[in-house]
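In what follows, a structure is listed as structure tokens, so that the remarks can point back to it.
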2 protein chains.
Amino acid sequence: MKNKIESRKEEIIRVAAKLFKEKGYSAVTMRDIAKTMGIKAASLYNHINSKQDILKAIIISLAEKFTAGMLEIKGSGESCINKLKAIIKLHVTLSSQNIYGMASLNNDWMHLEEQMPYYIKLRSEYEDDFKNILEHGIGEGELINVKPDVMMFSILTTLRSLYLWIPKKEDIDLNDLTENLSQILLDGINK
Amino acid sequence: MKNKIESRKEEIIRVAAKLFKEKGYSAVTMRDIAKTMGIKAASLYNHINSKQDILKAIIISLAEKFTAGMLEIKGSGESCINKLKAIIKLHVTLSSQNIYGMASLNNDWMHLEEQMPYYIKLRSEYEDDFKNILEHGIGEGELINVKPDVMMFSILTTLRSLYLWIPKKEDIDLNDLTENLSQILLDGINK
DNA sequence: TTCACTAACTAACAGTTGTTAGTTAAAATT
DNA sequence: AATTTTAACTAACAACTGTTAGTTAGTGAA
């Protein structure tokens with residue numbers, strides 16, 4: 001059943017995500033989405049159930065990709081520093097693959113309805129895993145002894161904002177970016 | 001004319017900023033704001049001109065405080081590292097003083113209308129000044145030689161997200177936070 | 001050919017939106 | 001005491017919201 005070519009439903013989700021990034025979920029109307037696709041708002045409902053369903057499709061699928069990525073990293077048996085580098089790469093990869101979706105994930109999750117508790121659960125678990133890696137790194141002497149909360153906040157907010165920044169650099173090389181970010185986030189900028 | 005006690009207009013702006021942080025500008029109605037204050041929506045218009053004016057009041061005044069802070073730092077004659085520490089302190093100070101306003105500044109600026117170009121101008125100049133400090137630091141050998149764009153992105157997005165994080169820690173000491181952030185952002189977490 | 005399916009359409013709905021007009025009771029000023 | 005100002009109110013508006021119902025032209029299968 002699933003085709004390589006984009007289904008109409010996937011197109012709606014893609015177009016909606018782009019509009020959500022520009023104006024936010026609440027400010028985008030079904031008529032906006034339809035107009036961008038060159039059809040009428042009512043026609044959208046041949047493919048999707050509701051506006052809410054579009055948001056859900058964007059956010060939950062992305063959140064689950066982060067969870068899957070973290071699961072793999074957790075079980076990799078690498079050093080703490082290497083795990084952190086893998087997390088950075090995970091964010092660069094997923095963000096560059098779905099810039100518009102990342103905007104909704106960051107800014108529109110509070111407009112989820114039934115799915116909100118599930119999203120919150122995924123996010124909490126991700127952050128717990130992240131903090132765990134940091135605490136382990138501190139315990140092993142791999143990392144400096146600073147509050148892991150502040151550490152995680154600092155790194156994670158940078159990674160969560162990548163979607164704002166990647167599209168501005170058309171010529172960007174993602175491996176370079178991952179490398180630069182690792183250096184800055186792990187070793188700082190002070191010479 | 002100006003009193004120490006909060007005017008009704010200031011109360012509207014404060015209440016609105018809190019609601020804007022929770023749901024975003026577009027999802028908050030004038031009736032929401034009024035209800036929170038225990039009055040009717042129409043009564044708000046005795047004190048403010050429009051919903052748009054509330055957003056403008058929140059965002060522009062904050063943006064101008066950042067501009068003023070940067071101007072002072074720029075002319076301080078301090079070393080690059082000390083200027084960066086001063087920027088970190090500026091963000092911690094302004095963010096903790098106005099957590100709700102910072103949310104609008106970050107997430108709702110695109111809903112500014114006439115004032116949008118002015119906001120964009122302030123933000124661009126701030127970022128230019130920031131990058132300038134970094135480039136100077138690299139040139140002088142104070143900072144490692146990594147693309148200043150990536151450096152600025154990394155530090156600035158962390159600082160811009162402080163509003164998300166400060167309120168979670170009731171017991172937080174702002175000087176501690178500034179100190180921890182400086183260490184992490186400037187020297188990294190790698191031992 | 002006949003039939004069911006797909007994906008578009010028009011029309012309309014009930015509720016919500018920001019905002020205005022006009023009114024009123026209390027407080028402040030003259 | 002008379003007057004003006006303040007800050008609330010009710011009622012209403014025109015525009016917009018997400019969504020539904022019913023229709024229709026084109027497509028592929030029987």
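So that the names make sense, note that chain A is the first sequence line, chain B the second, and so on, each numbered from 1.
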Tell me the interatomic distance from Glu11(A), atom CD, to dA7(C), atom P, rounded to whole angstroms. 12 Å

Among dC9(C), dT19(C), dC9(D), which is the nearest nucleotide to the side chain of Ser50(B)? dT19(C)

What nucleic acid atoms does Ser43(A) come within less than 4.0 Å of, heavy atoms only: base, sugar-phosphate, or nothing? base

Quick one: do Asp53(B) and Lys56(B) make a salt bridge, cutoff under 4.0 Å? yes

Whether Lys51(B) engages the ring of Tyr25(B) as a cation-pi pair (distance to the six-membered ring centre under 6.0 angstrom, angle to the ring normal within 45°) should be assessed. yes

Atom-pair distance (CD1 on Ile48(B); P on dA7(D)), nearest Å: 13 Å

N/O (side chain, His47(B)) to phosphate O (OP1/OP2, dT6(D)) under 4.0 Å: no

Taking NZ from Lys40(A) and C1' from dT10(C), how many angstroms apart are they, rounded to a whole number? 9 Å

Atom OH of residue position Tyr100(A) - does it have more than 12 heavy atoms of other residues, nucleotides or ligands inside 6.0 Å? no

Euclidean distance, atom CE of residue Met30(B) to atom C1' of dG18(C) [Å, nearest integer]: 7 Å

Between Ala27(A) and Ala42(A), which has a closest nucleotide on DNA chain D that is more 5'? Ala27(A)

Could you give the CG-to-P distance, from Asn46(B) to dT23(C), as a whole number of Å? 15 Å

What is the distance, rounded to the nearest whole Å, between atom CD1 of Ile54(B) and atom C1' of dG18(C)? 11 Å

Strictly below 4.0 Å: does Arg8(B) bring a side-chain N or O up to OP1 or OP2 of dA8(D)? yes

Counting only heavy atoms from other residues, nucleotides and ligands, does the tally under 6.0 Å from CD of Gln115(A) exceed 12? yes

Between dT16(C) (P) and Lys51(B) (NZ): distance, integer Å: 15 Å

Look at the rings of His91(A) and Phe66(A) and say which category their plane angle falls in: under 30° parallel, 30 to 60° tilted, over 60° perpendicular. tilted

Whole angstrom is fine here: how far is it from OH in Tyr25(B) over to C1' in dT17(C)? 12 Å

How is Arg31(B) classified with respect to the nucleic acid when contacts are heavy atoms under 4.0 Å: base, sugar-phosphate, or nothing? base

